[in-house]
Amino acid sequence: MSRILIIEDEEAIADLEKDYLELSGFDVQICNKGDEGLQVAMAEKFDLIVLDLMLPGMDGFEICKRIREEKNIPIIMVSAKKDDIDKIRGLGLGADDYMTKPFSPSELVARVKAHMARYDRLVGSTMKNNDIIEIRGIRIDKTARRVTVDGVERAFTGKEFDLLTFLAEHPNHVYTKEELFREIWDMDSIGDIATVTVHIKKIREKIEYDSAKPQYIETIWGVGYRFKV
Ligand code: CA
């Protein structure tokens, strides 16, 4: 039976979520405090975590970050404030989904099921030797040539995918546009280093929360680009 951990300080909400999830066949455990929730999440095996943002003991930002450092399981973050949801997306903490309270328990159940199915597929495909790079919220499946950002699949052209993958495979290494052009494009392809700039811009539009303040691909002025970890 799949196990779900709910970290939520509002007991009525936690109980309601638990009831609905149990009716759908999940084994559910609740923690009402943030620091305890993190401990339990680290110590035991869960298949998914529903994580509230504002919690006593430790907030959801910190908990999400700490869990992500160790575990790859789906995390659904919930908050009463839409602004907070935008903020957590911006931080790229690696949550898989976000919900604004109040939401209907059946909506939660639907999302839990969807994330578990997707996670099973990803883990299954990983076991069949899919070559996957994961950096914070970005997951690049080199075998399937698919990219997801915070759990949402994004479409990339062939060269965009190659460029993103090359940078992500060499994190913190600064490459000049000339080097990137040579690496990704054939010597006889038409184009120049401006092509690199255009492709970086397109990639940023797909992976960055705010292209003007990139969290992943940094511009090193006068030199080139690097994938920041
Ligand atoms: Ca709360």
Side-chain angles (χ1 to χ4, degrees), residues 1-120 122-123 134-139 148-152 207-210 213 215-216:
M1 188 187 280
S2 297
R3 295 189 73 208
I4 295 174
L5 175 64
I6 297 172
I7 309 177
E8 167 66 72
D9 58 323
E10 288 172 73
E11 290 181 27
I13 293 180
D15 289 344
L16 186 65
E17 291 173 357
K18 182 173 193 272
D19 288 348
Y20 270 76
L21 289 166
E22 283 180 346
L23 280 172
S24 299
F26 296 108
D27 179 22
V28 182
Q29 189 169 336
I30 295 173
C31 277
N32 296 123
K33 290 177 70 183
D35 44 355
E36 280 170 23
L38 177 65
Q39 273 178 17
V40 172
M42 291 302 201
E44 298 179 33
K45 189 187 170 302
F46 291 95
D47 299 285
L48 184 142
I49 295 174
V50 180
L51 175 60
D52 185 32
L53 188 61
M54 299 308 292
L55 292 160
M58 182 185 287
D59 69 30
F61 293 108
E62 187 65 21
I63 297 170
C64 183
K65 200 172 106 221
R66 301 262 197 107
I67 293 173
R68 264 295 163 268
E69 285 167 4
E70 304 277 325
K71 292 172 188 266
N72 201 18
I73 54 170
I75 300 174
I76 299 179
M77 290 201 77
V78 301
S79 172
K81 289 196 222 147
K82 174 75 172 60
D83 289 355
D84 288 339
I85 299 287
D86 292 340
K87 194 171 158 199
I88 38 187
R89 277 182 194 277
L91 288 173
L93 294 175
D96 297 271
D97 205 351
Y98 311 88
M99 296 181 78
T100 309
K101 287 194 263 189
F103 47 78
S104 74
S106 48
E107 168 73 11
L108 176 67
V109 169
R111 297 223 200 166
V112 164
K113 285 182 176 170
H115 283 287
M116 284 200 173
R118 178 186 296 154
Y119 184 67
D120 286 348
L122 285 173
V123 171
E134 267 202 292
I135 299 175
R136 286 178 279 146
I138 297 185
R139 186 184 183 100
T148 59
V149 180
D150 285 335
V152 179
I207 65 170
E208 300 285 357
Y209 175 71
D210 179 356
K213 290 184 221 147
Q215 303 289 311
Y216 297 104

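Owing to the predicted nature of the structure, the values given are computational and were not obtained by experimental measurement. We count residues from 1, following the sequence as given. Counting starts at 1 for both ligands and their atoms, following the listed order.
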Give, for atom [atom1] of [X] and atom [atom2] of [Y], the distance between the pair rounded to the nearest 0.5 Å.
{"X": "Lys65", "Y": "Asp59", "atom1": "NZ", "atom2": "CG", "result": "10.0 Å"}
{"X": "Phe103", "Y": "Glu17", "atom1": "CZ", "atom2": "CD", "result": "4.5 Å"}
{"X": "Ile13", "Y": "Glu11", "atom1": "CD1", "atom2": "CD", "result": "11.0 Å"}

Is the number of heavy atoms from other residues, nucleotides or ligands within 6.0 Å of CE (Met99) greater than 12?
-> yes
Just wondering, are more than 12 heavy atoms of other shown residues or ligands nearer than 6.0 Å to NZ in Lys81?
-> no
Please assess Glu107 against Arg111 for the test salt bridge (charged side-chain N to carboxylate O under 4.0 Å, His left out), listing each intermediate value before the final yes or no.
-> CA-CA 6 Å; Glu107 168 73 11; Arg111 297 223 200 166; 2.8 Å; yes
For the Ca ion (ligand 1), report each protein N, O or S atom nearer than 3.0 Å, sorted by chain and then by residue number.
->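 Listed by chain and number, the nearby protein N, O or S atoms are Asp9 OD1, Asp52 OD2, Met54 O.
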